[in-house]
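The sequence lines fix the lettering, A, B, ..., with proteins before strands; numbering per chain opens at 1. All values below were derived from every heavy atom in this structure, side-chain atoms included, with hydrogens, water molecules and symmetry-related copies excluded.
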Amino acid sequence: MNLPKVYEPKLYESDIYALWEKSQAFAPKSRGKSGHYSIVMPPPNANANLHIGFALTAALEDIPTRYHRMQGKSTLLLPGADHAGFESQSVYEKQLAKEGKSRFDFSREELYQQIWDFVAANRQNYGKQFRALGTSCDWSRFTFTLDEKIINRAYKTFKKMWDEGLIYRGERLVNYCTFHGTGFADVEVEYKEVASKIWSLNYPLTDGSGVITVATTRPETMLGDTAVAVHPEDARYKDMIGKTVQLPLTKREIPIIADGFVDKDFGTGAVKLTPAHDQNDYDAAQRHDLPMIVAIGHDGTMTSHVPSKYQGLPVAEARKIVLNDLEEQGALASDEPYTHSVGHCYKCGTAIEPMLKEQWFINMQPLAKQAIKALKEGRIKFYPDSKREQLITYLEGLRDWNISRQIAWGIPIPAFVNVDDSEDWIFDERTDQHTIEIDGKTYVRDSDVFDTWFSSSSWPYATLDYPEGEDFSDFYPLSLMETGGEILYPWVSRMIMLGLYVTGEVPFKEVYIHGYVMAEDGSKMSKSIGNVVDPFPIIEEFGSDALRMGLIAGRSPAVNRGFDNRKIEDARNFCNKLWNIARFTQEKLGNEYSHSNNPKAASLADEWMLRKIQHSIALTSDYLEEYRFSEAYEHLYHLVWDDFADWYIESTKIDLNEGVLAYCLEAILKLIHPFAPFVTETIWQTLAWEQDSLLITSSWPTALKADKKKAQQFEEVKTIVGEVRYITTALRVRDTVTLYYKESAFLEEQGDLIKKLARLKDVRSVEDGNGLYLTETKHSCWLDIDKATAKRYSSELADKIAAADEDIQSLDKRLSNKSYTAKAPKKLVDESKQQRKEAVDKREKLVAELERFQLAG
RNA sequence: GGGCGCUUAGCUCAGCUGGCUAGAGCACUUCGUUUACACCGAAGGGGUCGGGGGUUCGAGUCCCUCAGCGCCCACCA
């Protein structure tokens, strides 16, 4: 078979993936025998195409999976997709808007079904794209976050918490979008700087002794004020504490209270409190047992709790009229331009209204406590470890979790309320029913759904069929959770808390936090700026392996780095190098070669190469165990390119050892397979040295014995070749020079090889040499160069002498330091002495050589 | 305001618990069609490791400090 000169990935990749899939190579091996390794993929959003970040993610998950599979472990990489609750619904709503419809045209059930179909249609790409990335995940275990087992798990967890008193229903301030009609978690609110004004309002004291001036950016909320707060140690207001004010525009009398949260230096130092529409005010109201007046309704208009004049007005409208009325009454002290940050809905940009709403909450204290303990005990290893510390800090300040969302696309909350008693809530899983009858009482289902993160927090064990599943007993806790830093708090923290709560164990043993793939200039990729890099055209042009290696090259955990097309090209070239190494090998060994079980080193080059492979097997394994992908890749790159191709393969052109060459190629293909699965498998299949064998399921290479001394002698060959190349390049006399040596079995033996590698005319033994003496090697060798030409080399010699002088000086300085010889390890001191000796010897040689030149005149 | 991180060659970055004369890729210079590969081969140039101070026999690595950059969280009446 004649292989083309250039490796063309797209000719092979899809066939190779199909071969793996057909061979069931992705399924875990026999259960529980030689250890297990498991990763459950964080489920990407099912309604979107995979972006370049997922190409990185796929690589970071697939590399260790392939490595551990080759180590003989029962290995599982489980794929999934996320319904992405609110995300998907808003994408679908945009689509509806294009058709001139809105979600309010449909019932909750109709909407759910429509979004289901919409997401299902878009999910087609998902499998195709992960296959193109070479992800060796077990598709038979694919899980969607709305699969029955995930929903059931969420219900069981909710029930357990309900029974154990961790779930409560409470009226709390939520971040409410009046357009979408749903509340958001704190982390989902997007803050924007808004240029507005800050107004000062005069509230007259009821006893007529004056006014207290408060500052506000939201004057309309004054209709819901229930107190004014000042700092307890603020001398200006000390006498007013405990008095009341007459709230303008209303007939209400509200107290002046003292609370430490007030910043004396901000505004007037006096704050109006609107507990129903501001988190700080709410907290203060809790402390002081103040009433709460809901002034703004869920539709964004003023409620019936405000004077009738303002009822039903939209917030912006109400603001104008309130300001106008205040001014007329002389209660408006001042207004000044003011820029401050305001929470907005991250989808539609509507200003978020903090609003009182009945929600389901989880009491997080007991859960957080367990998680903090596990993290402090180091039961989960983090890459990098600093993320573990961050998570502990976060958990220590954790608030209760609002798990209700007022949208259709999600898992319905399995709770029903008695139509005759709004306090009477019951747990029931029959969420397909609107109303249920129990003991003659009628209950109506809660219309809310779970926050997506609530169900996905059970992902590590729900996907493995906790508690009865075989997968659960084999693969839990997971070996690794690989994810991005942005979901450390919303997801990773909750998986740990729920994992501990539900299963009693940490959900995973290690966490790898990846950094982001930024745009080439280091800025964030964004569709609107248009600097987004699509991974699939890159695969088309450079190959999936090149994309994978190009992305991990030089990347460390949790560090954001720009996309670099040159690294992709470089990796593509590397694949091509492997391809050509295989072509060469096949040419040498012939098409009929079959796998040899007993390769034996014969030459120095064999011993040297086997030592290199030995070292690389150990080093690559170590790197991969510690998820140091970039370093492993870089090491293998140099093993292949520098050691194997440039030295060993060149050596085989003089002295071929079929068994060793074949062994080395096999070992290299195996070591690189996790990084470049397609090209290595393509080569493996093309060579076909073993029948019906797949590289993906082959075993990690084992080292062969090699003679250390002989391997070191090959280094001497490299030294001589290196010096000859340097000199012949400097003097431009390549291909025309003969190397002479005196009485040396080593050169006798290695002469042909040195001649070939150094591009010499000949290598010959002589009685006494003449010409340019080699100074880098212990062996006595001369290059047969005429005096006139050789003289041009004297300046190089002078430079080398100067360098040797510097070496000797710095070593002398170190060795004459008594503290150094006394305190540094003896090994180091001996090493320094040895180095000094070598430097002095070398200098002598150089000086002698230079003198010869000068004598020769 | 709290937390985390970064600053090493022209560019993008490695450098793990302090120990040879600080590395890689790309870019650059010179040379080269040699039995796989020009997506190649050979040789080479290029760094006061952000500034200052300290600990140490020894600091890119540890500590303090200053400067610049970035991220996350909280707050913004």
What interatomic distance, in whole Å, is found between C1' of B:rU34 and the corresponding atom of B:rG41? 9 Å

Short side-chain N/O contact to B:rG41 OP1/OP2 from A:Lys577, under 4.0 Å: yes

Distance check: side-chain N/O of A:Asn573 vs OP1/OP2 of B:rC40, anything under 4.0 Å? yes

Pairing of A:Lys376 and A:Glu396 as salt bridge, 4.0 angstrom limit: yes

A:Arg725, nearest nucleotide to its side chain (from B:rA43, B:rC39, B:rA36): B:rA43

Quickly work out the A:Glu389 CD to B:rG3 P distance and round it to whole Å. 13 Å

Does A:Tyr820 form a side chain to side chain donor-acceptor pair (under 3.5 Å) with A:Ser832? I'd like the steps, not just the answer. CA-CA 11 Å; A:Tyr820 176 70; A:Ser832 301; 3.0 Å; yes

Can you say whether a donor on the side chain of A:Arg572 sits under 3.5 Å from an acceptor on the base of B:rC39, or the other way round? yes

Once you apply a heavy-atom cut-off of 4.0 Å, does A:Asp646 come out as touching a base, just sugar-phosphate, or nothing? sugar-phosphate

Rounding to a whole Å, what distance do you find between A:Leu391:CG and B:rC72:P? 17 Å

Assign A:Phe261 to base, sugar-phosphate, or nothing according to its heavy-atom contacts below 4.0 angstrom with the strands shown. nothing

Nucleotide pairing, RNA chain B (Watson-Crick or G-U, distances under 3.5 Å), in dot-bracket with [ ] and |: (((((((..((((.....[...)))).(((((.......))))).....(((((..]....))))))))))))....

Kindly say whether A:Gly515 contributes a backbone atom to a donor-acceptor pair with the side chain of A:Asn560 at under 3.5 angstrom? no

Using a heavy-atom cut-off of 4.0 Å across all strands, would you classify A:Thr217 as base, sugar-phosphate, or nothing? sugar-phosphate

Heavy atoms under 4.0 Å, any strand shown: does A:Lys756 hit a base, just sugar-phosphate, or nothing? base

Electrostatic pair A:Asp283-A:Arg399, nearest N-O below 4.0 angstrom: yes

Using a heavy-atom cut-off of under 4.0 Å over every strand shown, decide if A:Val214 touches base, sugar-phosphate, or nothing. nothing

Would you mind telling me which of B:rA36, B:rG3, B:rG41 lies closest to the side-chain atoms of A:Trp641? B:rG41

Taking only the C1' atom of each, what is the distance from B:rC11 to B:rU17 in whole angstrom? 31 Å

Measure CG/A:Leu395 against P/B:rG3 and give the value in whole Å, please. 17 Å

State which of B:rC72, B:rC57, B:rC31 makes the closest approach to the side chain of A:Asn817. B:rC57

Any donor-acceptor pair, under 3.5 Å, between the side chain of A:Lys5 and the base of B:rC37, if you only look at N and O atoms? no

Give me the distance, rounded to whole Å, that separates B:rG2 from B:rC66 when you measure between the P atoms they each carry. 14 Å

What integer number of Å spans the C1' atoms of B:rG3 and B:rG50? 23 Å

For A:Phe675 and A:Phe574: C-alpha separation, side-chain torsions, deciding distance, then whether ring pair (Phe, Tyr, Trp, His ring centres under 6.0 Å) applies. CA-CA 11 Å; A:Phe675 301 89; A:Phe574 182 55; 9.4 Å; no

If you assign each of A:Phe584 and A:Lys524 to its closest nucleotide in RNA chain B, which residue comes earlier from the 5' end? A:Phe584

Strictly under 4.0 angstrom, non-hydrogen atoms only: write out the protein contact profile of nucleotides 6-24 of chain B, one letter per nucleotide from the 5' end, B, S or -. -----BBSS-B--BBB--S

Once you round it to whole Å, what is the distance between P of B:rG41 and CG of A:Leu757? 14 Å

Polar pair under 3.5 Å, donor/acceptor by atom type, side chain A:Glu650, base B:rA36: yes

Between B:rC37, B:rC31, B:rC72, spot the one nearest the side chain of A:Asn580, thanks. B:rC37

A:Leu731 CG to B:rC31 P, straight-line distance once rounded to whole Å: 15 Å

Selection residues 538-554 of chain A - residue pairs positive for salt bridge (Lys or Arg N to Asp or Glu O under 4.0 Å), sequence neighbours left out: A:Lys10-A:Glu540, A:Asp62-A:Arg548

Take atom C1' in B:rA27 and the same atom in B:rG45, then report the distance between them in whole Å. 13 Å

Residue pair A:Thr729/A:Trp199 against RNA chain B: nearer the 5' end by closest nucleotide is A:Thr729

Taking any heavy-atom pair under 4.0 Å as a contact, classify A:Val342: base, sugar-phosphate, or nothing. nothing

Any side-chain heavy atom of A:Leu547 sitting closer than 4.5 Å to one from A:Phe542? no

When rounded to whole Å, the CZ to P distance for the pair A:Phe644 and B:rA36 reads 15 Å

Measure up the A:Tyr338 and A:His340 rings against each other and bin them: parallel (under 30°), tilted (30 to 60°), perpendicular (over 60°). tilted

Classify the ring geometry between A:Trp579 and A:Tyr7 as parallel (under 30°), tilted (30 to 60°) or perpendicular (over 60°). tilted

If I pick the C1' atom on B:rC49 and the same atom on B:rC40, what distance separates them, to the nearest angstrom? 34 Å

Taking only the P atom of each, what is the distance from B:rC71 to B:rC28 in whole angstrom? 32 Å

Can you tell me if A:Arg555 uses its side chain to pair, donor with acceptor, with the backbone of A:Tyr516 under 3.5 Å? yes

Whole angstrom value for the distance that separates C1' of B:rU34 from CD1 of A:Ile754: 18 Å

Between A:Asn580 and A:Arg583, do the side chains contain a donor N or O and an acceptor N or O under 3.5 Å apart? yes

Given side chain to side chain donor-acceptor pair (under 3.5 Å), test A:Glu796 with A:Tyr726 step by step and report yes or no. CA-CA 10 Å; A:Glu796 310 271 348; A:Tyr726 180 81; 2.8 Å; yes

So, does A:Asn280 get its side chain near the phosphate of B:rC75, meaning an N or O under 4.0 Å from OP1 or OP2? no

Side chain of A:Arg583, heavy atoms from C-beta onward: which of B:rC26, B:rU30, B:rC37 has the nearest atom to it? B:rC37

Does a salt bridge link A:Lys653 with A:Glu650, judged by any charged N lying under 4.0 Å from a carboxylate O? yes

Could you state the CD1-C1' distance from A:Ile649 to B:rC37, rounded to the nearest angstrom? 10 Å

Determine the Euclidean distance between corresponding P atoms of B:rG60 and B:rC16; express it in Å to zero decimal places. 12 Å

